[in-house]
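These notes are about the structure you will find just below.
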Amino acid sequence: MSANYINITVEVWRQPGDKAQGRFETYSLQNISTHMSFLEMLDVLNEQLQKEGKEPVAFDHDCREGICGSCGMYINGRAHGPQELTTACQLHMRTFQDGEHIVVEPWRARAFPVLKDLVVDRGAFDRIQQAGGFVSIDTGSAPDANEIPIPKPISDYAFEAAACIGCGACVAACKNASAMLFVSAKVSHLALLPQGQVEKRERVKAMVAQMDAEGFGNCSNTGACEAECPKGISLSNIARMNREYLSAKLSQKQYDK
Amino acid sequence: MSVLDSKIPEGPRAEKWTRHKGNIKLVAPHNKRKLDILVVGTGLAGASAAASLAELGYNVKTFTFHDSPRRAHSIAAQGGINAAKNYRNDGDSVHRLFYDTIKGGDFRAREANVHRLAEVSGNIIDQCVAQGVPFAREYGGLLTTRSFGGTQVSRTLYARGQTGQQLLLGAYSALNKGIHSGQIKSYTKTELLDVVVIDGVCRGIVVRDLVTGKLESHFGHAVLLCTGGYGNAYYLSTNAKNSNVTAAWRAHKRGAFFANPSFVQVHPTCIPVSGDYQSKLTLMSESLRNDGRVWVPKTPGDKRHPNQIPEEERDYYLERIYPAFGNLVPRDVASRNAKYQCDEGKGVGESGLAVYLDFRDAIKHFGRPTIEARYGNLFDMYKKITDEDPYEVPMRIYPAVHYTMGGLWVDYNLMTTIPGLFALGEANFSDHGANRLGASALMQGLADGYFVIPYTIGEYLAGISFTKTPTDHPAFKTVETEANQRLERLLSIKGSLTVDEIHRRSGKILWDNCGITRNKADLAKALDEYRAMRELFWKEVNIQGSSQDLNQSLEKANRLADFLELGELMIQDALHREESCGCHLREEYMSPEGEAVRNDDAFCYAAAWEHKADGGWNLHKEHLKFENVKLVQRSYK
């Protein structure tokens, strides 16, 4: 389909560093092709800013195919923008109208401090997974892959949980800045599979403890996370994690040292 | 006499790896604790190597410029991973995977390495499944496979169109296990600026904290570069935006030979360029060619809507020219045929630089639900990007730079020509020759990391002293100063062009002259144009901001500076190789049917380039020997 060209204004959060005061700045852009991705529009803005001798807007991005989870920003009040099941890099300018005013902000959550402009520190997600998001199997000790038959529906559920890209939209969309959707997807992926059974109690307890330590908020079941998740991670993962957590806690005496 | 010692073990091909493992020197457990290993890059190769080495007891540090190790570009691989499991009972074997890979690479890979790759391919799948990687399964609960370009067996395991993601999350979880146990220390948003070589031996690296801008030195008894390929030299490629050659290139400038730099794979099925603002190209998995049919209108300039072009006016050119493999010919063959069709004016879409990939017949045959289950996420992605529905209208595709077979020259132990410096995964040159088969990159990255380096690194480490060089040693300080000076020099130029403006132009020179097809006259012309572009960069680049904080333009400029040197070597290498092989198609060396014609008498070698102190390069040749493999002309007809 042939492209249209639109003129827009973008109001972007500018913050020189983690300790610095931030503010919004507004820029206008002419002749933006509707075939551009949102990040390509930001590229055009950055070229324009540099030509004016100004610092470009810092934003995280890498694969631009919606899979690496690097990009993440609030666009007109929604995580990753107005289109459902879409990361910012896969959002295209055809979603916007000529003359539209677009507000762009970084993820806002205490556990994701702003580093610069739209870049935030999501290191908390790594630390949660380091706390127990793995199967303790060393290289070389695995049995033949087909010695672990797994019913296809179970494998498919596990895949759907494992499809999380770790972008942080769930935290940003939540009024409590809760990381429950992310953590529950990670817990569910391994809790569903036979490979994950041996350590499932320790895993859920360690990951939840780390989640709490990082300063994420509590879950109040509003479901904003699921609505804004670009990969459609299901809220049912949270229910599963709660069950896993409860059962791990109840069997504490039996299994804990 | 060449200075290259490939250290290929003695004995018959199929026994080399087993014998080598039996003879390799071992490092005792209490001594492993005294050894530090630096792993740069945390994709499939880096994460798997770091995890496996930490399990053995080495002290490991990992470095990535991403904010998390899980974001490395391995994550974007779609289609699958090959393994000689023969789960399908369709005649697959280690030998067949070996042979397909060596033939697919047009007999320009080192056969001992390729055989080892095929031997460990099955272990990789076992390991990944044990970690919890959710591969696609049959209703009986066992693993399923699909077929991929260039082979006639079904040996590719996959996790929908997100195989790379799931494998990387598996390797990342293994890495996390090592971080949890304290055996690995992970540095994120930390980019390598240079390697430190003392008395000819690699002893560490200098990195930059991308948030604070601070430079820091790290000592390592061994350094592993797992830093991926250099496809972004072309600016437009399917690589992630931040993928770069800097680590490999800094190592090259410090003495590591760079092999076959012109061997670049152009992937046939990517979404075409839509405008000047294009920032990268998006791959559509090759698995689509299992069911999609590639065609162009028979009449040049036919601008009708594809659905209005009747069957008899369509040219399913791959099926016509290659009846045996049809749409499943290897990538190089598919790419150059798409180019030929467009050169004849039969290209489609606004730019005329695209061909159709049509699912109409597959949907008719299998029904839409089956096609949705196989490719749903790819179809969705295509629709998001192009605003066209591939269930209704054929996809438009065009080749794009995707993978670089060339890379740092390594011996059988994956060590570069600098002792102590290793290269794994796409960063090395060893396994794919002049063309990589689909679903083999994931296999190689994980083979190197899980099953090769944990053994072969012992050969080096068992022979060295445990002494550590302090990072205030003058050699570290000198490299830090040089790295800092380069950044400050870049910032001080204050010219009139942005980094991207120059990168687009330099990339286009490579694409036009050192892309799908090459010829002597164009390459010679490109060499001059490219050098001029490098001069322009150092005179006219304009970077805002400082080196003391997060500065993405400075990061890009520092990477482009290295691409602009590498690109010249790519052109030189393409110019010197007066034959066609795999992805390197020299127009002077083609059969009348347009197929690559090798010159095995003159060019059956890997070209390893040594950087000279005064600029320029010396060529070293690693002659390739094959045991009972007939170097046939590849034919997919």
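Below, all heavy atoms of this structure are taken into account, side chains as well, without hydrogens, waters or symmetry copies. Chain identifiers are assigned alphabetically (A, B, ...) following the order of the sequence lines, protein sequences preceding nucleic acid strands; residue numbering begins at 1 within each chain.
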Rounded to the nearest 0.5 Å, the CG atom of B:N176 sits from the CD1 atom of A:I128 at a distance of 11.5 Å
Evaluate B:Y277 against A:S33 for side chain to side chain contact (heavy atoms under 4.5 Å, CB included), listing each step before the verdict.
CA-CA 9 Å; B:Y277 50 81; A:S33 162; 3.4 Å; yes
Taking every non-hydrogen atom, the tightest pair across B:K189 and A:D60
NZ-OD1, 3.1 Å
Heavy-atom closest pair, residues A:R94 and B:I385:
NH2-O, 2.9 Å
Would the distance check show the side chain of A:H189 and the main-chain N or O of B:G132 forming a donor-acceptor pair, the cut-off being under 3.5 Å?
yes
What part of A:I137 gets closer than 4.5 Å to chain B, counting heavy atoms only: side chain, backbone, both or neither?
both
Check: B:E55/A:T139 side-chain N/O donor and acceptor closer than 3.5 Å
yes
Relative to chain B, which segment of A:S37 carries a heavy atom at a distance below 4.5 Å: side chain, backbone, both, or neither?
neither
Need one label for B:E138: side chain, backbone, both or neither, based on atoms under 4.5 Å from any heavy atom in chain A.
backbone
Part of B:I125 within contact of chain A (heavy atom distance under 4.5 Å)
both
Would you mind checking which part of A:D62 comes under 4.5 Å of any heavy atom in chain B, side chain (CB onward), backbone (N, CA, C, O), both or neither?
both
Largest heavy-atom contact set with chain A, pairs under 4.5 Å, which of B:K494, B:H66, B:R70
B:R70
Let me know if B:N542 has heavy atoms under 4.5 Å from chain A in its side chain, its backbone, both or neither.
both
What are the two closest heavy atoms between A:H35 and B:S274, and how far apart are they?
CB-OG, 4.0 Å
Counting only heavy atoms closer than 4.5 Å, note whether A:P16 contacts chain B via side chain, backbone, both or neither.
backbone
Examine whether an atom of A:K54 lies under 4.5 Å from a heavy atom of chain B, and if so say whether it belongs to the side chain, the backbone or both; otherwise answer neither.
backbone
Please classify the contact of A:E160 with chain B as side chain, backbone, both or neither, using a heavy-atom distance under 4.5 Å.
side chain
Under 4.5 Å from any heavy atom of chain B, what part of A:L193 do you find: side chain, backbone, both or neither?
side chain
Could you tell me which of B:R160, B:M381, B:Q278, B:H73 has the largest number of non-hydrogen atom pairs under 4.5 Å with chain A?
B:R160
B:Q78 and A:E65: CA distance, side-chain angles, deciding distance, side chain to side chain contact (heavy atoms under 4.5 Å, CB included) verdict:
CA-CA 11 Å; B:Q78 298 171 354; A:E65 293 180 11; 4.0 Å; yes
Nearest 0.5 Å please: distance from the OG atom of A:S155 over to the CG atom of B:L143.
8.0 Å
Where on A:N46 is there a heavy atom nearer than 4.5 Å to chain B: the side chain, the backbone, both, or neither?
neither
Report the option among A:I154, A:T86, A:D18 that has the most heavy-atom pairs separated by less than 4.5 Å from atoms of chain B.
A:T86
So which part of A:I165 gets closer than 4.5 Å to some heavy atom of chain B, the side chain, the backbone, both or neither?
both
Largest heavy-atom contact set with chain A, pairs under 4.5 Å, which of B:P69, B:A76, B:A130:
B:A130
For B:F135, is it the side chain, the backbone, both or neither that has a heavy atom under 4.5 Å from a heavy atom of chain A?
backbone
Proximity breakdown for A:A206 and chain B, heavy-atom pairs closer than 4.5 Å
neither
Under 4.5 Å from any heavy atom of chain A, what part of B:I184 do you find: side chain, backbone, both or neither?
neither
Return yes if some donor-acceptor pair links the side-chain N/O of B:D126 with the main-chain N/O of A:A145 below 3.5 Å, else return no.
yes
Backbone of B:L550 reached by a side-chain donor or acceptor of A:K116 within 3.5 Å
yes
No-hydrogen, no-angle side-chain donor-acceptor test under 3.5 Å, B:S279 and A:R64:
yes
Taking all heavy atoms of B:L169 and all of A:A162, pick out the closest pair and write down the distance.
CD1-O, 3.4 Å
Within the side chain of B:R71, is there an N or O that forms a donor-acceptor pair under 3.5 Å with the backbone of A:C63?
no
When B:A159, B:G275, B:C128 are compared by non-hydrogen pairs under 4.5 Å with chain A, the top option
B:A159
Please state whether the side chain, the backbone, both or neither of B:S52 comes within less than 4.5 Å of a heavy atom of chain A.
both
Hey, does the side chain of B:H180 reach the backbone of A:Q130 with a donor-acceptor pair shorter than 3.5 angstrom?
yes
Interchain contact, A:E40 with chain B, by part (heavy-atom threshold 4.5 Å)
side chain
I need the A:F159 CZ to B:Q165 CD distance, nearest 0.5 Å.
6.5 Å
Residue pair B:T498 / A:E47: nearest heavy atoms and the distance that separates them
OG1-OE1, 2.6 Å
Donor-acceptor contact below 3.5 Å, side chain B:Q552 vs main chain A:F59
yes
Would you give the length of the straight line joining atom CG of A:L49 to atom OG of B:S553, rounded to the nearest 0.5 angstrom?
10.0 Å
Please state whether the side chain, the backbone, both or neither of A:H61 comes within less than 4.5 Å of a heavy atom of chain B.
both
Give the C-alpha distance, both sets of side-chain angles, the deciding distance and a yes or no for side chain to side chain contact (heavy atoms under 4.5 Å, CB included) between B:K85 and A:D144.
CA-CA 10 Å; B:K85 282 286 199 185; A:D144 183 89; 2.9 Å; yes
Backbone of B:Q544 reached by a side-chain donor or acceptor of A:Q50 within 3.5 Å
no
Between B:K177 and A:F134, is NZ or CZ placed under 6.0 angstrom from the six-membered ring centre and within 45° of the ring axis?
no
Could you tell me the separation between the CG atom of A:L115 and the CG atom of B:D67, rounded to the nearest 0.5 Å?
9.0 Å
Give, as side chain, backbone, both or neither, the part of B:S496 having an atom under 4.5 angstrom from any heavy atom of chain A.
backbone
Can you say whether B:Q127 sits under 4.5 Å from chain A via the side chain, the backbone, both, or neither, judging by heavy atoms?
both
